[in-house]
Every structure is written in C-alpha cells, then in structure tokens.
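Note on naming: letters A, B, ... go to the chains in the order of the sequence lines (proteins, then strands), and numbering restarts at 1 for each one.
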Amino acid sequence: MFQTVENRVREAFRSHIQNHYATSVEIVIEEPKQASFGEMALPVAFQLAKALKKAPRQIASELAAGIGAIEGVAAMEVAGNGYINVRLDRGSYAHAILTGAAAADTKPGKIIVEHTNINPNKAAHIGHLRNAVLGDTFVRMLRATGNQVEVQNYIDNTGVQVADVVAGFHFLEGKTIDDVRALIDNPERPFDYVCWDLYARTSQHYDANPEIKAKWRGETLHAIEAGHGELSDLGHLVADAIVQCHIKTMLRLGVIYDVLPRESEILHLQFWATAFEQLKERKAIYFETEGKAKGCWVMPSTAFKEGASEEADDNKIIVRSNGTVTYVGKDIAYQLWKFGLLGKDFHYKKLLTYANGHELWQSTVEPQPGEKKFGGGREVYNVIDSRQSYLQDVVVAGLRALGYNDQADRSTHFAYEMVALSPRTCVELGIELSDEDKKKSHVEVSGRKGLGVKADDLIDKLIENAKREVDSRNADRSEAERLQVAQQIAIGALRYFMLKYTRNTVIAFDFQEALSFTGEAGPYVQYAAVRAAKIRGKVLDSGVVANTGQLDAASMNTFLTDEGLWQSLLAASKLEPSLLRATQSGEPAHVAKYAFQLAQSFSGFYQDHRVLEEPDARRQQFLLWMTDLYRRQFERSLDVLGIAAPEFM
RNA sequence: GCGCCCGUAGCUCAGCUGGAUAGAGCGUCUGGCUACGAACCAGAAGGUCGGAAGUUCGAAUCUUUCCGGGCGCACCA
C-alpha cells in the first residue's frame, strides 16, 4: 500500500516538473529523519536548484503549492532548507489496507539458487549453517516476491576431502566396507561425528608423513574417479551416508532442497568433456608448453583478472598435467548446465520425500522412470564463501570466453564472510590458543584440525536452553508441546543470529551471544507474534465478534490522529517495501531488521493499548484489527526468515 | 608484491541510490508486573563515523592518500 502512494507521489512530481520546468530529474523519496515530519520526504528542490538558479526553499514552496491534490496525500510542507515533506491521509491509507488484497505478480523465468554445498566427509559446522541459512532465506525472499526458484545443493562426492576420509578408514584404520557400514548404522554415535574426528586424525597423519599423503590420497582419488573397486565403493558409501546426515541437520533448521547434482555424474556423464571441447574450440583455454604450468590446459589470467599482464605467471590451471580436471573446470561445466547451455542433462532419481510432501531428487547416471527435469535457469545465484571469489570470477570468465555474456551477467556470486570463533568461545571449547590468537577478535575454524562447533551440537545446546525457559514458564503445557516450542525458539534464535549480520561482516561466533534470547534476537520477534495472536484469541473468546465492516475511512482517521497508533499502522504496513529492497540488494539482514522493528513497534502498541478492556466498541474493533494486522505481518515476515511463530512461549 | 573486504557509542553491529539533530541491541544506571504473559516497556549516560586532503549547496556514504585489521592470489576445494 505504501508503495502505491509512493508511486503516485513520484509520478505527480515527475510530470509536474516536466511540464512546468521543462527538465527531468530522478524523483528520490526518502523516509523523513523524524516521524513528526511526515511519511515521505523529497529533496527534489535541491536537485533543481542549480539548473533553475533559484534557492531550494523557493523551489520547494512553488512545487508544494503548484502540484495540486494527490490521492492519498493529506498535506505537503516545506521544511529545512528546501525539503518537501508529505503527509498521508491516514484514514484512507488505513482503509485501503483493510480492503485491499495485494496479490504478488509472478515473474517469468526460473531462478536457480545453489547453497549449502558441504563436502560430504564430516559433520556440518557453524560456517556451513551461515551458508545454508543465508541461501534458504534468500530463496524464501525470492519466492515471496513472486519468483520461481529451484534450490540446488551440489555434492562434491569425488573430491579430495572425501578421499581423505576414505583413506583414513582404509589405510589408517584398516576398516572394511562392512566395518564402515556398521559405523553408519551405529545409533550410539552419529556417522558424521565419527568422520569429523577421523578427518582430523588423517590430516594430522598426513602432516607428519607427507610422502604417505601423496600415495594414499592419489590412490584413493584415482579409484574414486575411475568409479570401481573397493576404495570407490567406500567413497560412495561414506559420501551418501554423510549427505543423509547433512540433509537431516539442515531439516532441523527448516532448510530443504529440490535437487542434489553430484560431481560423480558430472564426471561419468562426460559433462566436463563436453565443456572442455567448447572451451578449446572457442580458445578460452590453451595448452601450456613451458613454465611451471607446462603440460596443463590453462585459462589466461587476463580473462578473469582486472589489469593482469600478459607475462604474469598467474594463469589458472583448468586441466592438470596428468590429465585430470580441477574443481574450477567441473564448476564451469556445472554452471553451463545450470543455464541450459551444455546440451546435456543428468538423469534423476527421487532421494526422499520430506514430511511436508516436498520431494528431493538426486542426479544419477542411468535413466529413471518418471524422472523430473532440473536446471536451465534464467538467473543463477551461487551462495559461496567470499574467500572463493577468485574462483567464481574464473567460472564467470569461462562463460564470457564462450560468448555467453548475458548468462555471465545473470550469474551472481552470493558471497558472504566466514564464521570464526570468539577467543572466549575457543576457551570454552577447550581449544588452545597461541598468545597471538588471544589478542585477535576472532579465530578461524579448521576442519582439518577438527577445530570448530558442530551444527548439531549447537542446535542441541540451544534447544536445551530454550527448554529450560519454556518449562519454567509453562507448567500447564504438556512435555511434547513444550519440547516443540523449545525447538522453534532455538531455531528462531539460531536463524536470526545468522541473518542479523549483513553478508560481508565476519561473524565472531560467541556462545553467550548466540544463546541470548533477548533484545535483537529471533525469540524477541516470536514473543511479540505470540502476544499478538494471544490477544486476538482472548478478545474473540470474550464474546466480541470481529467486524471490520464498521471501520470506514472517516472513523479510522479519528483513531489515527493518535500519533502512536499511526506510527504502528505505518510500521506494520511496510513489509512489502522492505522485502523488495532486501531482495534487490540481496541482503537477508534487511528482512531480519524489519521483523525486529515490527516487533519493537508491536511491543509499544501492546504497552499503550488494552484491546481486551477497551470500553468503546468501535475503537475496540479498530484495535482488534490492528492487532490482527500485526499478527499477519509477523506470520509473513517470520515465514520469510524461516522462523516459526510458536503457539505459546 | 598484486587483488578484494572492513575500520561508526565501552562491546557487537545497522545506516537503501550522497540529504534535515548519526541509529539499534548488549552492557551500565533510574523507574515500571494483584500480568490482554516483564523473553517486555519507559528514561538516562555514552560517538572528532580510523587520520588527512579533495569533489559538492550538502559526505559515515563518492575520489585520492596514509594508518590499522581480515581474506584471497595451488597441478586443494
């Protein structure tokens, strides 16, 4: 609704200025510095001052006087040195919200979002959670603004990290496939936890014995890539089992996927070979005959690096001298497929059906009956750690080199900074810190060292904390209900924590902060949502029948002369513009911020107005409607954030 | 060495395309529950927006430079 009026104001000023001043400027509409100034502020007089050679204040006065009536606008004032402040017609604004149903228009084309993308060789940690929560929330934002989205989670099941764990089982510990299968089935200890420790042990062993590293890793990788033999079988067994663990962990957070494209199929279906031919044909890569990259196929650095010189020896190797392809090469093939440019497709089989009926598919080599189709997107977002921006640049350069400039432009590296650990949390975890580390604001996690906080451990701890609070406040509820709410609160706290920071902020993860359920946190928003729903329920239980029919623009206007109520309505009505802005800027933190501000606004409303005890029947109807508007907006914004609105807290 | 990111209140962070008196949470201090649930609310204290120069009617925001920090620059991903 706000945007509708905003557009009207913008258009009125645009045409008025065009007609009377014979010039055109971009009409900027801001939020006034202070709420008392009105609802919109236009600095347009400043922009015109130079061209018209007049004082801004004078121009503003002329504009305000000459522009005439605009539907939905009650008044315009000149303020400061030349601002034009716009005041809305409160009654008609409220009435328009009451009667209007905004239907989101669906946009054409499919957007592909790839996120999570965890190496299937150990348990997920907090860094992975940031990726998944950012990606999942962005997907929800896109869908809420009318986009069709396909969620992909790429599985690197043939990479070095999987090979290291396989080598650990096979060479280091002498385990057979049946031994490993027993570990997977062991309910005592989760398999991803077993691998977490084994990966750290294997890495340590490698560090102490570099020659063994080359031998074991090489042998294992070779077997996995060839796709047969015991080491290969072990690789698939481990990777598939870990993927199941990851899917389960992410499901706890409400994160689900549409399809898992796997690297093994990229290899076996010759995706790379096809891309390789195209790259060679278009001369995007060349065979190096001298220097340190002799015998490799490389992409010249001039293709992906600004200001790179011809002589600089920093070309990117795509195919190694032993003929194997690097990750970047495979990623170029994968990216081509995402846009439907490869001329090939995977086959797919259904991996599982989520409790809500949604199906998760996985790539496979053999054709399957009734298989779905994936890929072929109009736009692609890759949610990947900003440390990989160099490699993402290479991938995009690959698209450009093949002549796919449009697709390159619609290819976005949705980058985010890492999650590190606060020194205090390292101490709590029993991690030894060097004197140098102690001075730092954060310490980087390391999977190779087994240093980090496992996602499931963190979630368990959050639930435990929430459960204590819920128990102490809700003795009348059943154990099952309390547990469910505790889980919702824990996940709310966690998702909000991962979303409250903008993407390029390094998060120094701190247990005390993450476990905090007060202030700018998920549970604060949930609490407000619970209260809004509860008031509504109590009022209706008291025998009052909701009847918005008696709320016309004129009567609402009288209630809205109360500045506090007007500000409440305004805050509640601004979900759409902030959601749109957040989606355009690719910043889920903005949605989190809006939800928090909505909760702040409601808390104030809650304090100031007693809906249940309101003696004036019509005013009570109005307050009830406001409460319900808040409730609906909480529901929608929390849904975008992937946070549940509990029934009680 | 080259490239990218960051430096805003004691701490952790917002600040949309430059715009009016720079905001929030936490922490500190003062108040508010016989409750439409205090996981809340009201109020106070707290900032030369890292330094300097420039562009502009106007700079936390744009440019240059310096200082301080982070991350990249593999035949790993």
Side-chain angles (χ1 to χ4, degrees), chain A residues 26 28 30-34 37 41 43 46-47 49-50 55-56 79-83 85 117 119 156 159-161 164 217 292-296 298 301 305-308 312 314 316-322 324 326-328 330-331 384-391 393 415 417-418 420 422 440-442 444 466 469-470 473-474 489 500-502 504-508 510 512-513 516-521 523-524 526-528 530-531 534-539 542 577-578 581-582 584-585 587 589-590 593 596-597 599-600 603-604 606-614 623 627 648-649:
Chain A
E26 192 199 349
V28 175
E30 300 168 0
E31 190 167 338
K33 203 72 191 165
Q34 280 180 41
F37 292 165
F46 297 111
Q47 294 161 266
K50 198 171 220 174
N81 293 324
Y83 266 97
N85 290 332
N117 196 357
N119 270 304
D156 182 4
V160 171
Q161 291 215 22
D164 286 353
R217 187 184 272 178
K292 65 179 182 185
K294 186 179 175 182
C296 299
V298 303
S301 61
K305 222 168 156 182
E306 203 110 347
D314 50 3
K316 180 65 200 169
I317 290 168
I318 306 295
V319 179
R320 305 182 185 102
S321 56
N322 68 3
T324 58
T326 61
Y327 169 79
V328 188
K330 285 178 267 194
D331 214 20
I384 300 175
D385 192 330
S386 63
R387 284 175 290 192
Q388 294 196 39
S389 41
Y390 161 71
L391 297 171
D393 289 346
E417 276 290 349
M418 64 173 168
S422 75
K440 289 185 179 174
S441 61
H442 55 84
E444 199 175 346
E469 278 297 311
V470 173
R473 292 156 188 262
N474 301 282
I489 293 170
K500 69 189 278 193
Y501 303 94
T502 47
N504 62 5
T505 298
V506 176
I507 298 181
D510 187 89
Q512 280 189 33
E513 270 184 56
S516 163
F517 292 165
T518 62
E520 195 179 347
Y524 176 89
Q526 291 175 309
Y527 187 63
V530 167
R531 283 169 137 189
K534 202 145 224 185
I535 292 177
R536 185 169 177 275
K538 284 215 173 179
V539 173
S542 75
S578 57
R581 193 159 56 80
Q584 279 163 357
S585 63
E587 201 59 90
H590 294 336
K593 192 64 128 190
F596 173 66
Q597 282 165 349
Q600 275 187 316
S603 294
Y606 179 91
Q607 202 77 15
D608 294 342
H609 306 282
R610 310 226 132 207
V611 187
L612 191 54
E613 294 157 17
E614 175 56 49
L623 293 175
T627 307
F648 63 93
M649 277 179 79

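- On a pure distance criterion of 3.5 Å, no polar donor-acceptor pair joins the side chain of A/T326 and the base of B/C75.
- A/N474 places a side-chain N or O within donor-acceptor distance of the main-chain N or O of A/M649, the cut-off being under 3.5 Å.
- For a distance-only test at 3.5 Å, the side chain of A/E520 fails to qualify as a donor-acceptor partner of the base of B/U12.
- By the ring-ring contact (aromatic ring centres under 6.0 Å, His included) test, A/H609 is found to be paired with A/F605, residues two or more places apart in sequence or in another chain being considered.
- The side chain of A/N322 contributes no N or O atom lying less than 4.0 Å from OP1 or OP2 of B/C75.
- In terms of the side-chain hydrogen bond (donor to acceptor under 3.5 Å, both in side chains) criterion, A/N119 has no residue partners (sequence neighbours excluded).
- For A/E513, the side-chain atoms get nearest to B/U12 when compared with the rest of B/C71, B/C13, B/U12.
- In terms of the salt bridge (Lys or Arg N to Asp or Glu O under 4.0 Å) criterion, A/E30 has no residue partners (sequence neighbours excluded).
- An OP1 or OP2 oxygen of B/G70 is reached within less than 4.0 angstrom by no side-chain nitrogen or oxygen of A/S386.
- At the heavy-atom level, A/V611 lies under 4.0 Å from base atoms of the strands shown.
- On the C1' atoms, B/U17 is 37 Å away from B/A77, given to the nearest whole Å.
- The nearest heavy atom of RNA chain B to A/Y501 and to A/H609 marks one nucleotide each, and the one closer to the 5' end goes with A/Y501.
- Legend: residues meeting side-chain hydrogen bond (donor to acceptor under 3.5 Å, both in side chains) with A/K534, ordered by chain and number and at least two apart, are absent.
- For A/Q597, the side-chain hydrogen bond (donor to acceptor under 3.5 Å, both in side chains) test picks out no residue, with sequence neighbours left out.
- In this structure, A/K538 reaches the B/G37 phosphate: one of its side-chain N or O atoms is under 4.0 Å from OP1 or OP2.
- The residue A/F596 sits close only to the backbone: its heavy atoms come under 4.0 Å of sugar-phosphate atoms, none of a base.
- Within 3.5 Å, a donor on the side chain of A/R581 pairs with an acceptor on the base of B/C16, or the reverse.
- A distance of about 14 Å separates the P atoms of B/U65 and B/C5, rounded to the whole Å.
- Checking B/A20, B/A14, B/C36 against every side-chain atom of A/I535, the shortest atom distance belongs to B/C36.
- Side-chain atoms of A/N85 come within donor-acceptor range of the base of B/A20, with a qualifying N/O pair under 3.5 Å.
- Applying the ring-ring contact (aromatic ring centres under 6.0 Å, His included) criterion to A/F648, with sequence neighbours excluded, gives no partner residue.
- The side chain of A/K33 contributes an N or O atom lying less than 4.0 Å from OP1 or OP2 of B/A20.
- A/N117 comes within contact range of no nucleotide atom at all, as no heavy-atom separation falls under 4.0 Å.
- Among the protein residues, A/A79 comes within range of the nucleic acid bases, having at least one heavy atom under 4.0 Å from a base atom.
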Per-nt protein contacts along nucleotides 38-44 of chain B (heavy atom under 4.0 Å; B base, S backbone sugar-phosphate only, - none) come out as SBSS---

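- The residue among A/P32 and A/R217 whose nearest nucleotide of RNA chain B is located toward the 5' end is A/P32.
- Look at B/G7: its Watson-Crick or wobble partner, with both distances under 3.5 angstrom, is B/C67.
- The phosphate of B/G15 (OP1 or OP2) has a side-chain N or O of A/H590 nearer than 4.0 angstrom.
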Atom pairs under 3.5 Å: protein N/O with N/O of nucleotides 55-57 of chain B:
from  : atom 1 : to    : atom 2 : distance (Å)
B/C57 : OP1    : A/K50 : NZ     : 3.3

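- Within 4.0 Å (heavy atoms only), A/A528 reaches no atom of the nucleic acid at all.
- With sequence neighbours excluded, the residues satisfying ring-ring contact (aromatic ring centres under 6.0 Å, His included) with A/Y501 are A/F497.
- You'll find that the side chain of A/E444 is closest to B/C71, out of B/C36, B/C71, B/G15.
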